[in-house]
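The structure appears right after this line, and notes come after that.
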Amino acid sequence: MKQMISGWRHVFKLDPDRQLDDRSLEAVCLSGTDAVMIGGSSGVTYDNTVDLLSRVRRFEVPCVLEISNLEAVVPGFDLYMIPIVLNAGHQDWIIGHHAQAIEQYGHLIPWEMLVPEGYLVLNPEATVAKVTKAKAPLEPVSARSYAQVADRLLQLPIVYLEYSGQIGDFELVADVRRTLDQAHLFYGGGIVDAETACRAAAVSDTVVVGNAVYDNLAGALETVAAVKGSAAAES
Ligand SMILES: CC(C)=CCC/C(C)=C/CC/C(C)=C/CC/C(C)=C/CC/C(C)=C/CC/C(C)=C/CC/C(C)=C/COP(=O)(O)OP(=O)(O)O
Ligand SMILES: O=P(O)(O)OC[C@@H](O)CO
Ligand SMILES: [Mg+2]
C-alpha cells in the first residue's frame, strides 16, 4: 500500500459534487497522472461517487477514494484515504468520525486498503477549514510540530499540507518537508499551470491538483509533465 503511494508524484483530485464532461474526464485519466483521487469536503454522496468511479474505471489509471463522509463510502476503489485533520478545532475530525465508522462497520473494514493521511489545513477560507473549524493559518513552528506528531509520533504514512483553493507558502512547505522522517508529503492548493506545479514539486513528494481541472483544464493538464519532469524534494 505504502509502496504504491510512494511512487506518486502527481495526483488529480476530482470532486463528485462538480460536473466534468466525458472529454475532459478522458483527458484527465489519460494525462499520465499517477492517480485519480475522488473526494471533496461537501456535497459528496453515494450516488455521485458511484457515478464518478464508474466513469473513471473506463481507464487504467489508479483510482482512490478520500473519505469525507461515511454515507459516500463506495466499494471498488483501489485504496481508501482516511483524512485525520491534525489542526481541527473539534475532535470529531481528528478521531471522532473514525471511531464512529469503526463502531458501525468494524467487521467489514478492509484494513489493508486504508491509508491514513495526517492533514494540516492551512487556508482558513477553504470549505474544509470551515467544516473542521481548523486552527489556521499556522506559524511555521506550529506546522512543523504538527507534522512531526503525524510523522514521528503517530507514524502516519502521509502528511498532507492542504491549502485548497489558494497557493501555499512554499517556504513553510519546504521547512515541513525537511523535518519529516518517514512520511510522504502531499501538497495541495492553487496549482493551476506548469509554473505553479514546478514550484510545488520542488518542495513536496506528491502534488495534488483539484479545482484547476474544472476552472482551467488546459492549465491543469500542463501540471502533469511539469511535476514529473521536476526533481523531487531532497530528503
Ligand atoms: C470496501 C469498503 C466499502 C470499505 C468501507 C469500510 C469503511 C466504512 C471504512 C471507513 C473507515 C474510516 C475510519 C472512515 C473515516 C470516516 C470519516 C468520515 C472520517 C472523517 C474524515 C475527515 C476528517 C473529513 C473532513 C473533510 C476532509 C479533510 C475532506 C478531505 C477532502 C478535501 C480536503 C477536499 C477539498 O475539498 P474541496 O471541496 O475541494 O474544498 P474547496 O471547496 O475549499 O475547494
Ligand atoms: O483544489 P486545489 O486548490 O487544487 O487543491 C487541491 C486539493 O488539495 C484539494 O483537496
Ligand atoms: Mg475543491
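For clarity, every value in this text was computed on a predicted model and none was experimentally measured. Just follow the structure's listing: the first ligand is 1, and inside any ligand the first atom is 1. When a residue number appears, it is its place in the shown sequence, counting from 1.
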Can you tell me if Gly165 has a non-hydrogen atom under 4.0 Å from ligand 1?
-> no

task: Indicate yes or no: does Asp78 engage Arg57 in a salt bridge with an N to O separation below 4.0 Å.
output: yes

Contact region, Ser41 to ligand 1, non-hydrogen atoms below 4.0 Å, reads both

Which of Val159, Leu138, Leu161 passes side-chain contact (heavy atoms from CB on, under 4.5 Å) with Tyr146? It is Leu138

Here the gap from Ile38 atom CD1 to Leu14 atom CG, rounded to the nearest 0.5 Å, amounts to 6.0 Å

Checking heavy atoms under 4.0 Å, the part of Asn211 that sits near ligand 1 is side chain

Quick note on ligand 1: atoms under 4.0 Å from a heavy atom of Ala126 include exactly 43 (O)

- I would like to know whether Glu71 and Tyr46 meet side-chain contact (heavy atoms from CB on, under 4.5 Å); could you show each step before the answer? CA-CA 6 Å; Glu71 276 81 64; Tyr46 191 89; 5.8 Å; no

Tyr160 vs Tyr119 aromatic rings, parallel, tilted or perpendicular, using cut-offs 30° and 60°?
parallel

| said: Please determine whether any non-hydrogen atom of Pro110 lies less than 4.0 Å from an atom of ligand 1. | reply: yes

In ligand 2, the atoms that come under 4.0 Å of a heavy atom of Asn211 are 1 (O), 2 (P), 3 (O), 4 (O)

Tyr160 near ligand 2 by a heavy-atom separation under 4.0 Å
yes

Lys13-ligand 2 polar pair, N/O distance under 3.5 Å:
yes

- request: Go through Arg9 and Asp34 one step at a time and tell me if the salt bridge (Lys or Arg N to Asp or Glu O under 4.0 Å) criterion holds.
  value: CA-CA 7 Å; Arg9 279 290 277 152; Asp34 295 306; over 6 Å; no

Inset, instruction - Using only heavy-atom distances, determine whether the side chains of Glu162 and Asn123 contain a donor-acceptor pair under 3.5 Å. - result: no

Output for pair (Ser31 OG, His10 NE2), nearest 0.5 Å, gives 6.5 Å

Note: ligand 1 atoms sitting under 4.0 Å from heavy atoms of Val128 are 26 (C), 27 (C), 28 (C), 33 (C)

List the steps, then state whether side-chain contact (heavy atoms from CB on, under 4.5 Å) holds for Trp8 with Val64.
-> CA-CA 12 Å; Trp8 292 352; Val64 303; 3.8 Å; yes

Among Ala99, Pro75, Pro83, closest by heavy atom to atom 28 (C) of ligand 1 is Pro83

One finds that the ligand 1 atoms under 4.0 Å from a non-hydrogen atom of Tyr105 are 8 (C)

Distance col, row Gln91:CD vs His97:NE2, nearest 0.5 angstrom, shows 9.0 Å

Short N or O distance, Val208 and ligand 2, threshold 3.5 Å exclusive: no

Within the 4.0 Å heavy-atom cut-off, what Phe77 brings close to ligand 1 is neither

Contact region, Glu66 to ligand 1, non-hydrogen atoms below 4.0 Å, reads side chain

Going by the 4.0 angstrom heavy-atom rule, the piece of Glu162 near ligand 1 is side chain

Atom 18 (C) of ligand 1: of His97, Lys13, Glu117, the nearest heavy atom sits on His97

Checklist entry - For Gln19, does the CD atom have more than 12 heavy-atom neighbours from other residues, nucleotides or ligands under 6.0 Å away? => result no

Margin query: Any nitrogen or oxygen of Glu162, side chain or backbone, less than 3.5 Å from one on ligand 2?
Written below: yes

Take atom CZ of Arg58 as the centre, draw a 6.0 Å sphere, and report whether it contains more than 12 heavy atoms from other residues, nucleotides or ligands. yes

Numbered in order shown, the ligand 1 atoms found under 4.0 Å of a heavy atom of Tyr80 are 1 (C)

To the nearest 0.5 Å, atom CG of Leu185 lies from atom CD1 of Ile158 at 10.0 Å

At under 4.0 Å between heavy atoms, what of Val131 touches ligand 1? The answer is neither

Of Met81, His98, Met37, Arg18, the residue with the heavy atom nearest atom 19 (C) of ligand 1 is His98

Taken to the nearest 0.5 Å, the spacing of Thr206 OG1 from Tyr187 OH works out to 13.5 Å

The atoms of ligand 1 lying under 4.0 Å from a heavy atom of Asp15, numbered in the order shown, are 38 (O)

query: Any N or O on Val209 sitting closer than 3.5 Å to an N or O of ligand 2?
result: no

Nearest heavy atom to atom 42 (O) of ligand 1, choosing from Thr127, Asp17, Val85, belongs to Thr127

Output for pair (Glu66 CD, Asp15 CG), nearest 0.5 Å, gives 10.5 Å

Could you walk me through whether Asp215 and Arg18 satisfy the salt bridge (Lys or Arg N to Asp or Glu O under 4.0 Å) test, starting with their C-alpha distance in whole Å, then the side-chain angles of each, then the deciding distance to 0.1 Å, before giving a yes or no?
CA-CA 11 Å; Asp215 302 340; Arg18 297 183 76 173; 3.1 Å; yes

Taking only non-hydrogen atoms of Trp93 and a 4.0 Å limit, the atoms of ligand 1 in range are 22 (C), 23 (C), 24 (C), 25 (C)

Exercise. If you measure every N/O of Gly190 against every N/O of ligand 2, is any gap under 3.5 Å?
Worked result: yes

One finds that the ligand 2 atoms under 4.0 Å from a non-hydrogen atom of Gly210 are 1 (O), 2 (P), 4 (O), 6 (C)

Taking only non-hydrogen atoms of Gly165, do any sit less than 4.0 angstrom from ligand 2? yes

Taking only non-hydrogen atoms of Val73 and a 4.0 Å limit, the atoms of ligand 1 in range are 3 (C), 5 (C)

